[in-house]
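Worksheet for the structure shown next.
Below, all heavy atoms of this structure are taken into account, side chains as well, without hydrogens, waters or symmetry copies. Keep in mind it's a predicted model, so treat the numbers as computed, not measured. Order of the sequence lines fixes the chain letters, A, B, ..., with proteins taken first and strands second; residue numbering starts at 1 for each chain.
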Number of protein chains: 2
Amino acid sequence: MIINDRMKTILNAVVHLYITTAEPVSSEMIVCYYGLPVSSATVRHDLLVLEKLGFLKKPHTSAGRLPTDKGYRFYVDKLMEKNINSLSEEEKEEIIEQYKIGRDFNEIMIITSKLISRLTNNLGLVLAPNMVRDTLKDIHFIALDNQRLLVTLITNSGLFFQKIMKVNCDISEENLETISQIIKKEFYGKNLEMVNEEMLKKIYQYSFEYQALESIWNLIENCFDFTVDNTKVFLGNRSYILKQPEFKEIEKLNYLFDFIEEEENLVKIIKRSILKKQIDIIIGSELGQEIMQNCSVITRQYLIKGKPRGAIGVLGPTRMDYSKSISVLEFIANRLSEILPE
Amino acid sequence: MIINDRMKTILNAVVHLYITTAEPVSSEMIVCYYGLPVSSATVRHDLLVLEKLGFLKKPHTSAGRLPTDKGYRFYVDKLMEKNINSLSEEEKEEIIEQYKIGRDFNEIMIITSKLISRLTNNLGLVLAPNMVRDTLKDIHFIALDNQRLLVTLITNSGLFFQKIMKVNCDISEENLETISQIIKKEFYGKNLEMVNEEMLKKIYQYSFEYQALESIWNLIENCFDFTVDNTKVFLGNRSYILKQPEFKEIEKLNYLFDFIEEEENLVKIIKRSILKKQIDIIIGSELGQEIMQNCSVITRQYLIKGKPRGAIGVLGPTRMDYSKSISVLEFIANRLSEILPE
DNA sequence: ATTAGCACTCTAAGATAGAGAGTGCTAATT
DNA sequence: AATTAGCACTCTCTATCTTAGAGTGCTAAT
């Protein structure tokens with residue numbers, strides 16, 4: 001069986017109509033809305049073939065048809081117009097507007113996830129940049145008060161990482177200076193992961209040399225016991241996806257929320273797309289999660305200093321508007337890559 | 001009509017049973033579970049009185065009874081045992097454990113909101129400390145790369161506030177030092193709100209004196225155009241409240257989410273409790289929000305350096321476990337006040 | 001003041017029936 | 001060989017009805 005052009009048109013029609021109406025699509029509907037020069041009976045014949053090929057399915061014998069995951073896949077790969085201009089001028093302006101104000105890093109992630117939610121009517125996702133492969137460039141100690149230090153670690157890509165360090169003794173600026181000198185000398189240009197691992201050894205080594213610093217070294221030891229791989233996912237507004245008809249049964253919603261609020265689940269899905277240059281679309285069962293069978297995730301890398309460092313995404317029902325979502329992600333990822341250090 | 005002791009017991013019983021079963025409570029149930037030395041007919045008589053007084057209501061004629069907002073209010077004010085020990089040892093340990101690691105500020109807020117969600121089975125809320133009344137203590141510029149500066153503003157209470165400043169020209173350390181000296185000199189000890197307002201004037205004043213710094217002043221102008229009153233609400237996991245039977249209809253859930261994801265709504269509710277020394281309980285219609293009529297919010301201030309600066313809270317259906325929620329909030333607020341600078 | 005007894009009310013759940021949507025097949029047509 | 005009109009068939013969805021059961025409120029007796 002070969003898929004001819006008309007069948008492609010029909011498949012495309014089913015996907016489109018199903019995406020917009022959320023109802024199984026009948027042969028009549030297709031003829032009506034797409035003005036095909038054939039009768040509904042002919043369309044029905046083609047539908048039958050498309051179903052046999054696994055692109056479509058019926059919820060029950062006397063219902064219209066809707067795309068299978070394979071159907072969506074074909075649509076996304078072969079049929080969908082990659083029309084980046086499906087964003088209106090207003091929407092583009094809205095996005096640009098959001099990034100004008102000089103925000104701090106966390107805020108940018110939050111804003112972005114909410115923006116994606118609003119524009120796609122689904123759940124926006126942002127995977128914060130991962131610093132595992134970054135190298136140490138600088139370290140600063142700032143006294144917040146006489147008991148707490150703010151330690152700021154700056155990496156080669158201009159990202160930073162902060163911890164608050166509790167000190168129970170007075171620490172002179174001089175000592176801090178010595179320490180930051182030592183750390184810089186020992187670890188400058190070294191991989192953060194290595195810094196993490198070797199800090200302990202160095203602490204012991206130097207604690208002989210600078211006995212006065214011993215107590216501080218202990219603090220630093222705790223302070224640097226950080227998991228560099230602190231991949232963080234920011235979720236946008238949930239209120240939009242809540243309104244999607246596929247979640248009108250509370251039970252499905254429960255499964256969805258249990259899944260998405262377990263951070264690792266999403267990290268696993270999004271992470272793999274950081275290094276992909278193209279939009280990454282994962283449809284339904286491709287997610288490999290029983291619970292998420294009727295959801296799709298679309299992701300897009302973003303760059304920092306020209307290098308892929310994180311990703312943004314949309315999570316919605318498989319019946320989501322792929323074209324629109326892609327446009328939104330492309331546009332926002334590009335903005336983000338501009339905003340974040342080039 | 002006077003409420004005698006038996007009636008109080010009965011009201012208490014209705015609240016308890018309704019909280020645990022989520023079903024209207026019958027006279028029989030009360031006798032059965034509370035071993036009252038009277039018959040169900042007598043209980044029915046009292047129930048009638050309690051209903052006439054407005055403490056109870058029936059969903060329909062032949063159903064059991066459940067508390068009205070007034071009923072919950074009476075329960076909360078007069079009947080409920082304020083038993084802080086309703087937390088198990090394990091739960092306490094779990095809380096303490098969470099705060100052992102030296103986390104950054106944002107993380108603490110996130111962790112806390114999630115912790116509250118999990119322990120109360122409802123939605124945890126955290127209102128980040130407000131810095132409007134803080135005064136400037138210190139300012140630091142850290143170069144992230146040759147195009148961006150991390151500006152850290154430290155306040156008298158040891159809180160800090162950060163912005164990223166984009167610079168399109170090289171700025172010498174010397175110049176930065178001069179600027180931070182000037183800012184410290186002019187604004188040290190001054191209210192942040194005032195700093196915000198007067199920065200502009202000062203910039204013009206000094207731009208005559210130090211013409212070399214002009215371009216930097218412009219940047220700082222943008223940088224300090226911050227709303228100090230950036231009250232931020234952190235929401236914990238939604239998955240728990242989703243499972244409450246009052247939200248089994250998707251429509252109600254939609255209303256709820258539309259409300260809670262509009263940050264100002266929650267800020268308005270929580271803000272007022274920052275200065276209250278006691279647990280603050282707002283029941284149903286007391287929230288003054290049509291949409292939130294069947295929800296309650298419980299809040300508790302937390303301290304920084306002994307002063308009330310923010311609040312944590314729980315949002316759940318009016319049929320929530322007030323006693324448990326209060327215990328959770330008390331305990332966490334105390335931990336938080338210890339963790340954050342004393 | 002309390003209680004047993006009972007009629008009454010309302011809901012929740014199950015059963016039944018009919019309308020309507022949409023299909024798949026067949027036979028006729030182009 | 002492809003297309004189409006016609007139609008029987010299937011399944012869902014909605015409405016209506018019925019019944020069981022839970023729980024009340026009232027009355028009269030204790």
**Study point:** Residue-phosphate contact under 4.0 Å: B:T42 side-chain N/O, C:dT3 OP1/OP2
**Key:** yes
Practice item. Kindly state which residues belonging to residues 23-31 of chain A come within less than 4.0 angstrom of DNA chain C, counting heavy atoms of the residue only, listed by number. Key: A:V25, A:S26, A:S27
Check your understanding: So, do B:R118 and B:E94 sit near enough that their side-chain heavy atoms are less than 4.5 Å apart?
Key -> yes
Study note, to complete from the structure: Out of C:dG22, C:dG24, D:dA5, minimum distance to the side chain of A:E51 belongs to C:dG24
**Study point:** Nearest-neighbour nucleotide for the B:L48 side chain, C:dG22, D:dC26, D:dT4 considered
**Key:** D:dC26
Point to revise | Inter-residue atom distance B:C295.SG - B:I282.CD1, 0.5 Å rounding | key: 12.0 Å
Review point. Taking OP1 and OP2 of C:dC10, is either one under 4.0 Å from a side-chain nitrogen or oxygen of B:T61?
Key: yes
Check your understanding: So how far is it from B:K324 NZ to B:T120 OG1, rounded to the nearest 0.5 Å?
Key -> 8.0 Å
Practice item. Please state how far atom CG in A:L56 lies from atom P in C:dG22, giving the value in whole angstrom units. Key: 15 Å
Review point. When the aromatic ring centroids of A:Y72 and A:Y322 are compared, is their separation below 6.0 Å?
Key: yes
**Study point:** Spacing of B:L47 atom CG relative to C:dT2 atom C1', expressed in whole Å
**Key:** 15 Å
Exercise for review: Would you mind reading off the distance between A:L50 atom CG and C:dG24 atom P, rounded to a whole angstrom?
Suggested key: 12 Å
Exercise for review: Report yes if a side-chain nitrogen or oxygen of A:K58 is closer than 4.0 Å to either non-bridging phosphate oxygen (OP1 or OP2) of C:dG24; otherwise report no.
Suggested key: yes
**Study point:** Given D:dC11, C:dG24, D:dT24, the nucleotide with the shortest approach to the side chain of A:H60
**Key:** D:dC11
Exercise for review: Scan every strand shown for a Watson-Crick or G-U wobble partner of C:dA28, both distances under 3.5 Å, and answer none if you come up empty.
Suggested key: D:dT3
Point to revise | C:dG22 pairs with, by Watson-Crick or G-U criteria that keep both distances under 3.5 Å | key: D:dC9
Review point. For the side chain of B:S62, counting heavy atoms from C-beta on, which of C:dT3, D:dA22, D:dC11 is nearest?
Key: D:dA22
Point to revise | Selection from C:dG24, D:dT4, D:dG25 that lies nearest to any side-chain heavy atom of A:R65 | key: C:dG24
Practice item. Please check the phosphate of C:dC6 (OP1 and OP2 only) for any side-chain N or O of B:R44 closer than 4.0 Å. Key: no
Review point. Is A:D77 salt-bridged to A:R73, cutoff N-O under 4.0 Å?
Key: yes
Point to revise | Within 45° cone of A:F55 ring axis and under 6.0 Å: A:K70 NZ or CZ | key: yes
Review point. Taking CG from A:L66 and P from C:dG22, how many angstroms apart are they, rounded to a whole number?
Key: 13 Å
Review point. Is A:E330 paired with A:R300 through a side-chain N to carboxylate O contact shorter than 4.0 Å?
Key: yes
Review point. Counting only Watson-Crick or G-U wobble pairs whose two distances fall under 3.5 Å, which nucleotide matches D:dT30?
Key: C:dA1
